[in-house]
There are 2 protein chains.
Amino acid sequence: MARAGLSPQVVVRAGADLADEVGFDEVTPSALARRLGVRAASLYSHVGGADDLRTRIALLALDELADLASEALAGRSGKDALVAFAGCYRDFAREHPGRYAAMQVRLSPEAAAAGPGGRHADLTRAILRGYGLTGVDETHAVRLIGSVVHGFTTLELGGGFDHSAPPPDRTWSRILDGVDTVLRSWAAPS
Amino acid sequence: MARAGLSPQVVVRAGADLADEVGFDEVTPSALARRLGVRAASLYSHVGGADDLRTRIALLALDELADLASEALAGRSGKDALVAFAGCYRDFAREHPGRYAAMQVRLSPEAAAAGPGGRHADLTRAILRGYGLTGVDETHAVRLIGSVVHGFTTLELGGGFDHSAPPPDRTWSRILDGVDTVLRSWAAPS
DNA sequence: TCTTTTGCCTAATATGTGTAGGTAGTCTAG
DNA sequence: CTAGACTACCTACACATATTAGGCAAAAGA
């Protein structure tokens, strides 16, 4: 009887790919087992169950996106960094909708701590070096960037922009212009 | 045998309440039937199935929020309207997390058309009357407001702001200040 | 009161989740 | 190169959920 050569890594990656194709909600042990050509019970040697599978996919996606964002930020600062960082998130969501959806699951405290949760905040903070924001201003700015990028990306992915005329790309760059302006105004002593 | 007095409305409202208590993902025909004191099969006289139930909860939530936002906007304009509108969304999400999550489901085209999908865009547009934005600028502005409000709300609800110091309320008002500034700058001929 | 409607039921099927235990490939020691 | 340990995958099972079909009794209308 030939073996499929599974391992936790292989299973989780296949789960992430499946999520991108059919949606994160459709990623179930049985569906994943079908795709991998094994029986559902066989997956329980590699992942703990449906919840564990979803959590691991989320952590994988967070890690992958953090890698991409880290690379995109290298050597950039100020608005250049902001645009690169935001574009990274948006592109990731469009190319990997299932992984992006996975990232939204509320992680258990231990999973969040052990995982790459803090990496994203650190990366966002790195953008702000060019803006000279410190202390609470820095945190406000991290939250502003996160809100705008995540909000736009989610709405675009959900089809919220499909019914009105101008292409989302135009809106995207105008919004980033606006964020840049706001961040620079925050840098000035208020 | 006493009857439970169900109807599509009663079932959907109970489903929405259940979503607020235990999370939208946990709203299943069987869980809802348990709460209503009937057998799961009995629900199928009132809703089409699990998907139909979720869709109807989403439409109910969209309608309820549109009512609240409409009321909040009455007699306001400009930044006052913006703050009231955004606060309405944020408060709704915090008081009714399950309903808010339901609103994010991708509706089928017919459900979106028949439903209150357009009401929200119209309400957002109403804010902009005080800013003098027209044409594509208006659409860009609608998308900006939607992105910021939805993004912040989602992140806050997901606990994304729990680990850093300043209270989210402070960030919220600073972000709205920023949006107001951007909208006013867009109003000037670019 | 008689009839129609319908709300809720039981019964049954298909599918999904998760556990227990077995079998057969694969790896390591000598 | 063989003996034993390990483990990837299996079958079988118990249980929960989604959904359909058909029946009975309560409610509503004539």
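Residue numbering restarts at 1 for every chain, and letters A, B, ... go by the order of the sequence lines.
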Problem - Shortest non-hydrogen separation from A:Leu128 to A:Glu138 and the atoms involved - result: CD1-O, 3.6 Å
Exercise for the section: Using a 4.0 Å heavy-atom cut-off across all strands, classify B:Ala41 as base, sugar-phosphate, or nothing. Expected result: base
Handout entry: A:Arg119 and A:Asp122 ion-paired at < 4.0 Å
Key = no
Exercise for the section: Indicate yes or no: does B:Arg143 engage A:Glu156 in a salt bridge with an N to O separation below 4.0 Å. Expected result: no
Completion exercise
Out of C:dT17, C:dC8, D:dC9, minimum distance to the side chain of A:Leu6 belongs to D:dC9
Exercise for the section: Say whether, by atom type as modelled, one donor and one acceptor occur between the side chain of A:Arg106 and the main chain of B:Leu157 under 3.5 angstrom. Expected result: yes
Problem - Rounded distance in Å - CG (B:Asp25) to C1' (C:dT17) - result: 17 Å
Practice task
Would you classify A:Ser30 as touching base, sugar-phosphate or nothing, given that sugar-phosphate means primed atoms plus P, OP1 and OP2, and contacts are heavy atoms under 4.0 Å?
Solution key: sugar-phosphate
Practice task
Among the candidates C:dC9, C:dT17, D:dT17, find the nucleotide nearest to the side-chain atoms of B:Arg39.
Solution key: C:dC9
Fill in the blank from the handout: From the candidates D:dT19, C:dC8, D:dC9, the one with an atom nearest any side-chain atom of B:Tyr44 is D:dT19
Exercise for the section: Return the nearest nucleotide to the side chain of A:Thr28; candidates are C:dA20, D:dC9, C:dG16. Expected result: C:dG16
Problem - Whole angstrom value for the distance that separates C1' of C:dT19 from CG of A:Leu43 - result: 14 Å
Problem - Atom-pair distance (CG on B:Asp52; P on D:dT20), nearest Å - result: 11 Å
Practice task
Starting at atom CG of B:Leu32, determine the distance to atom P of D:dT17, rounded to an integer number of angstrom.
Solution key: 13 Å
Problem - Residue-phosphate contact under 4.0 Å: A:Ser42 side-chain N/O, D:dC10 OP1/OP2 - result: yes
Practice task
Could you tell me whether a side-chain N or O of A:His120 sits under 3.5 Å from a main-chain N or O of A:Leu62, the two making a donor and an acceptor?
Solution key: yes
Problem - Under 4.0 angstrom between A:His46 side-chain N/O and D:dC9 OP1 or OP2 - result: yes
Handout entry: Between P of D:dT17 and CG of B:Asp51, the distance in whole Å
Key = 17 Å
Practice task
For A:Glu26 and C:dT15, give me the distance from atom CD to atom P, rounded to whole Å.
Solution key: 16 Å
